Amino acid sequence: MKPRVRFAPSPTGYLHIGGARTALFNWLHARRHGGTFVLRIEDTDQERSTPESVQAILDGLTWLGIDWDEGPGKPGPYEPYFQMKKLARYHELANQLIAEGKAYRDYATEEETRAARVEFAKSKGFAADADFLELRKAGFKWRSPWRDKTEQREGPFVVRFKMPELSGSFGFDDQVLGRIEKPYEDLDDFVLLRTDGIPLYNFGCVVDDHDMHITLVGRGQEHINSTFPQLMLYKTLGWSPPQFAHFPLILGPDREKLSKRRHPEADVMVHKKNGILPHALINFVARLGWSHGNDETFTLEDLIQKFDFAHVGHTSGVWNPEKLSWLNEHWLKTSEPKDVVRALVPFLADAGLTVSADDPRLVPLVLAFRTRAKTLVDIANAAKPYFAHGVAIDPAAAAKHLSSEGKAMLQKARAHLETLEWAQKPLDGVVDTVAAETGAKKGAIAQPIRVAVTGGTVSPGIGETLVLLGRDEALFRIDAALK
RNA sequence: GUCCCCAUCGUCUAGAGGCCCAGGACGCUGGCCUUUCAAGCCGGCAACACGGGUUCGAAUCCCGUUGGGGAUACCA
């Protein structure tokens, strides 16, 4: 059977790096087995959900090259793919559960729940106004007086699942972690529908995964515990649950869970801005929590061919910016130059250069600087002087290499340069020619040329640099330096 | 607190009882190459959390301890 998997983000901000990896693992699984990858927007948190966030998620996935078969902009058989558009469906199911005595309307007022809370707090020695979560930690459980009533009345209510009183434990076989179990008694009457009629995560998630015929749910380990109430729902609704796969978390360099607040790198798009290739990020994030022997670099095809849940790790991984950087350097060096150029163009624009993607100077430029750059930003910055007319010479470099001897060498080199075919090889030869002629060291010839032509002491090889500049510009700069 | 998950170099990891006095990668570091800077190449440092078992034999299995993370909402 072809798998149907999904990525179900909540649109409450940018695409989070952890979410991106969850999406990737699911996508890889679908692509490998010829299955379907569904994108579902869980927008039930009305306070935090925004249309901009939906767009940010779509943009992030698109940049990474993760496409979806069903979801926003991709009509499919199980529409809609936004939870807020199928409220009626949740209500229908909730009412069915109520009618069957498997859920109930909880009309408990604020006062009633508070009274119960205060009583518990007192018995445990807490202040009367102790934080709800603190009390939960101390073992407070809300047991509604409406649990066993069926009467309806006016006024707001939440719909709660009526947890059966069962002994023993239940669980599931996680595709990465193995068997996970929990005693029934650990579950309580969780809320299905809020007062405003909007479903809560556990309910909406189960209904949608069922409705969308999801066969495997792959998500972060933070959801392990919510699998249990969800399993109860499947059982109660008479549905068979999908398989589950829980992926390890990604921690920040400080070993805290990667969060939007403290970790800028949690935003997928900051890496785009930083000049990281999308595939480098994919490669990095894939290797964080998954492995394939000693392999480190993977093309997308490799990943699709080799990815499996069995080799997803069990341990949280720490974000390692150096490794991301190395991977970016690797893909900068090994990708098709044309592809690098395409990714580079926006950065050129940011650097103030209006160059079209098919400018013939771009490929040689990428070839010259890709081994010297960590990011596309580096390449764009390096490229800038090559598009200008004339160059400002660094005084320290001039002092060192454009002394009278330096200029003498430069003069000799210039004379040869004029006669040569303007290509890397013959141009490189000029250093040897002058060295043979004068008995000087190669550095004493190459450096004055380099400084004259680039303004500094660091650049690609002389021949390559000269070609990049073009004959006219190169000669112009040399003459300027000679003055 | 309770429940759940986890535990190999600083970091990501290989390792499914003997092939491991533990391999790869990043980083760090020494060198080679070299007209600069990179890249590349060769080398080095560096780990099985601890304690008990099981076994002829354990990084690998079991138990406990410790440590880390996650969940405990009318967020997802």
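Atom set for the values below is all heavy atoms of this structure, side chains included, hydrogens, waters and symmetry mates excluded. Per chain, numbering begins at 1; letters A, B, ... match sequence-line order. This structure is a prediction, so every number in the text was calculated from the model and none was measured.
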Nucleotide of B/rU36, B/rA14, B/rC3 approaching A/Ser291 most closely (side-chain heavy atoms): B/rA14
A/Trp326/A/Phe284 aromatic ring centres below 6.0 Å: no
Sugar-phosphate only, base, or nothing, as touched by A/Glu181 at under 4.0 Å among non-hydrogen atoms: sugar-phosphate
Verdict with supporting geometry, A/Cys205 and A/Arg6, side-chain contact (heavy atoms from CB on, under 4.5 Å): CA-CA 11 Å; A/Cys205 180; A/Arg6 45 64 158 194; 3.4 Å; yes
Under-4.0 Å salt bridge between A/Lys85 and A/Asp43: no
Whole-Å gap separating P (B/rC75) and CG (A/Leu192): 13 Å
Per A/Arg372 side chain, nearest of listed nucleotides B/rA38, B/rG69, B/rC75: B/rA38
Sugar-phosphate only, base, or nothing, as touched by A/Asp428 at under 4.0 Å among non-hydrogen atoms: base
Counterpart residues, side-chain contact (heavy atoms from CB on, under 4.5 Å), relative to A/Pro460 (two or more places apart): A/Ala368, A/Phe369, A/Arg372, A/Tyr386, A/Glu464, A/Thr465
Residues which pass side-chain hydrogen bond (donor to acceptor under 3.5 Å, both in side chains) with A/Lys182, listed by chain and number, not counting sequence neighbours: A/Asn225
Nearest-angstrom distance from the residue atom CD1 of A/Ile57 to C1' of B/rA76: 11 Å
B/rA38 phosphate, OP1 or OP2, under 4.0 Å from A/Lys333 side-chain N/O: no
Parallel, tilted or perpendicular: rings of A/His292 and A/Phe298 (30°, 60°): perpendicular
Residues A/Lys122 and A/Glu119 bridged, charged N to O under 4.0 Å: no
Touch class at under 4.0 angstrom, heavy-atom based, for A/His246 against every strand present: nothing
Sugar-phosphate only, base, or nothing, as touched by A/Thr44 at under 4.0 Å among non-hydrogen atoms: sugar-phosphate
Separation between the C1' atoms of B/rU13 and B/rC3, rounded to whole Å: 30 Å
Sugar-phosphate, base or nothing in reach of A/Arg370, heavy atoms under 4.0 Å: nothing
Nucleotide paired to B/rC26 in any strand shown, Watson-Crick or G-U, under 3.5 Å: B/rG10
Could you list the protein-to-nucleotides 27-32 of chain B atom pairs, N/O on both sides, closer than 3.5 Å?
none

Ring pair (Phe, Tyr, Trp, His ring centres under 6.0 Å): pairs with one or both residues in residues 433-452 of chain A, sequence neighbours excluded: none
Touch class at under 4.0 angstrom, heavy-atom based, for A/Gly289 against every strand present: sugar-phosphate
Rounded distance in Å between the P positions of B/rG23 and B/rG30: 23 Å
Distance between P atoms of B/rA46 and B/rA14 (Å, rounded): 22 Å
Carboxylate-amine/guanidinium proximity below 4.0 Å for A/Asp189 and A/Lys162: no
Between B/rC50 and B/rA7 - P atom distance, rounded Å: 15 Å
Nearest-Å distance once atom C1' is located in both B/rC21 and B/rA58: 14 Å
Whole-Å distance separating the NE2 atom of A/His314 from the C1' atom of B/rC6: 9 Å
Touch class at under 4.0 angstrom, heavy-atom based, for A/Thr457 against every strand present: base
Touch class at under 4.0 angstrom, heavy-atom based, for A/Val158 against every strand present: base
Carboxylate-amine/guanidinium proximity below 4.0 Å for A/Lys407 and A/Glu405: no
A/Glu112 with A/Arg143: basic N within carboxylate O range, under 4.0 Å: no
Proximal nucleotide (of B/rA76, B/rC12, B/rC5) relative to the A/Val318 side chain: B/rC12
Distance-only donor-acceptor test (3.5 Å): side chain A/Glu296, base B/rG24: yes
hbond_proxy A/Thr195 side chain to B/rC74 base (donor-acceptor, 3.5 Å cutoff): yes
Sugar-phosphate, base or nothing in reach of A/Thr315, heavy atoms under 4.0 Å: sugar-phosphate
Within residues 432-456 of chain A: residues closer than 4.0 Å to RNA chain B (heavy atoms): A/Lys442, A/Gly443, A/Ala446, A/Gln447, A/Arg450
5' priority, RNA chain B, between A/Gln83 and A/Asp186 [closest heavy atom]: A/Asp186
Aromatic plane relationship, A/Phe228 with A/Phe170 - under 30° parallel, 30 to 60° tilted, over 60° perpendicular: perpendicular
Out of B/rC4, B/rA76, B/rC74, whichever nucleotide has its closest atom nearest the side chain of A/His223: B/rA76
Salt bridge flag under 4.0 Å for residues A/Asp106 and A/Arg160: yes
5' precedence on RNA chain B between A/Asn202 and A/Lys257 (nearest-nucleotide basis): A/Lys257
For B/rA49, the Watson-Crick or wobble counterpart (both distances under 3.5 Å): B/rU65
Touch class at under 4.0 angstrom, heavy-atom based, for A/Pro460 against every strand present: base
B/rG18 pairs with, by Watson-Crick or G-U criteria that keep both distances under 3.5 Å: B/rC56
Touch class at under 4.0 angstrom, heavy-atom based, for A/Thr371 against every strand present: base
Sugar-phosphate, base or nothing in reach of A/Asn320, heavy atoms under 4.0 Å: base
Length of the CG-C1' vector between A/Leu288 and B/rU13, whole Å: 10 Å
Nearest to side-chain heavy atoms of A/Arg255, which nucleotide of B/rU11, B/rC12, B/rC4: B/rU11
For A/Arg48, salt bridge (charged side-chain N to carboxylate O under 4.0 Å, His left out) partners two or more places apart: A/Asp45
Separation of the P atoms in B/rC9 and B/rC48, to the nearest angstrom: 7 Å
Any strand: nucleotide that pairs with B/rA71 via Watson-Crick or wobble, under 3.5 Å: B/rU2
For B/rG40, the Watson-Crick or wobble partner whose two distances fall under 3.5 Å: B/rC32
Euclidean distance, atom CG of residue A/Leu417 to atom C1' of B/rU35 [Å, nearest integer]: 14 Å
B/rG67 versus B/rA73 - spacing of their P atoms, nearest Å: 25 Å
Selection from B/rA14, B/rU35, B/rG70 that lies nearest to any side-chain heavy atom of A/Ile462: B/rU35
Nearest-angstrom distance from the residue atom CG of A/Leu200 to P of B/rA71: 15 Å
Euclidean distance for P, B/rC45 against B/rG40 (whole angstrom): 22 Å
